[in-house]
Amino acid sequence: MDEARIKVYGSATEITVAANAAGLREPAERLIAFAGPELRSGYHEHLDGGIDLEDGSISLILERDDKL
């Protein structure tokens, strides 16, 4: 399987998450886990450019918010 590669970029009015197939699976699996009963509202993860995301990406925060 290829290494997950994800790039996040955007403007004031839209955000783009571009990824290869492995990169699309990774946040999808994280989001499914966020829906699990063992996690509570407020749980979040930071994805940062050069670490979790490709260089040049803007940071992305995934958060569970049960008030929505």
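Position 1 is the first residue of the sequence, and the numbers go up from there. It should be emphasised that the depicted structure is a prediction, and the values quoted were computed from it without experimental measurement. Below, all heavy atoms of this structure are taken into account, side chains as well, without hydrogens, waters or symmetry copies.
S57 contributes no side-chain N or O that, together with a main-chain N or O of G49, makes up a donor-acceptor pair within less than 3.5 Å. Side-chain atoms of T16 never come within 3.5 Å of backbone atoms of A18 as a donor-acceptor pair (strictly under, hydrogens ignored). Side-chain N or O atoms of N20 include one that pairs as donor or acceptor with a backbone N or O of R5 at under 3.5 Å.
A distance of 9.0 Å separates CG of L53 from CD of E26, quoted to the nearest 0.5 Å. Distance check: D52 CG to H46 NE2 gives 10.5 Å after rounding to the nearest 0.5 Å.
When the side chains of ILVMFWY residues are joined at heavy-atom separations under 4.5 Å, either directly or via intervening members, L62 and I58 end up in a single hydrophobic cluster. Under the 4.5 Å side-chain heavy-atom criterion for Ile, Leu, Val, Met, Phe, Trp and Tyr, F34 and L24 are members of distinct hydrophobic clusters.
The two residues R40 and R64 come nearest to each other via the heavy atoms O-CD, 3.9 Å. The minimum heavy-atom distance linking S59 with D48 is given by the pair OG-OD1, 3.0 Å. Across L39 and A33, no two heavy atoms sit closer than the pair CD1-O, 3.4 Å.
Residues P27 and V17 form no side-chain contact, since every pair of their non-hydrogen atoms from C-beta on lies 4.5 Å or further apart.
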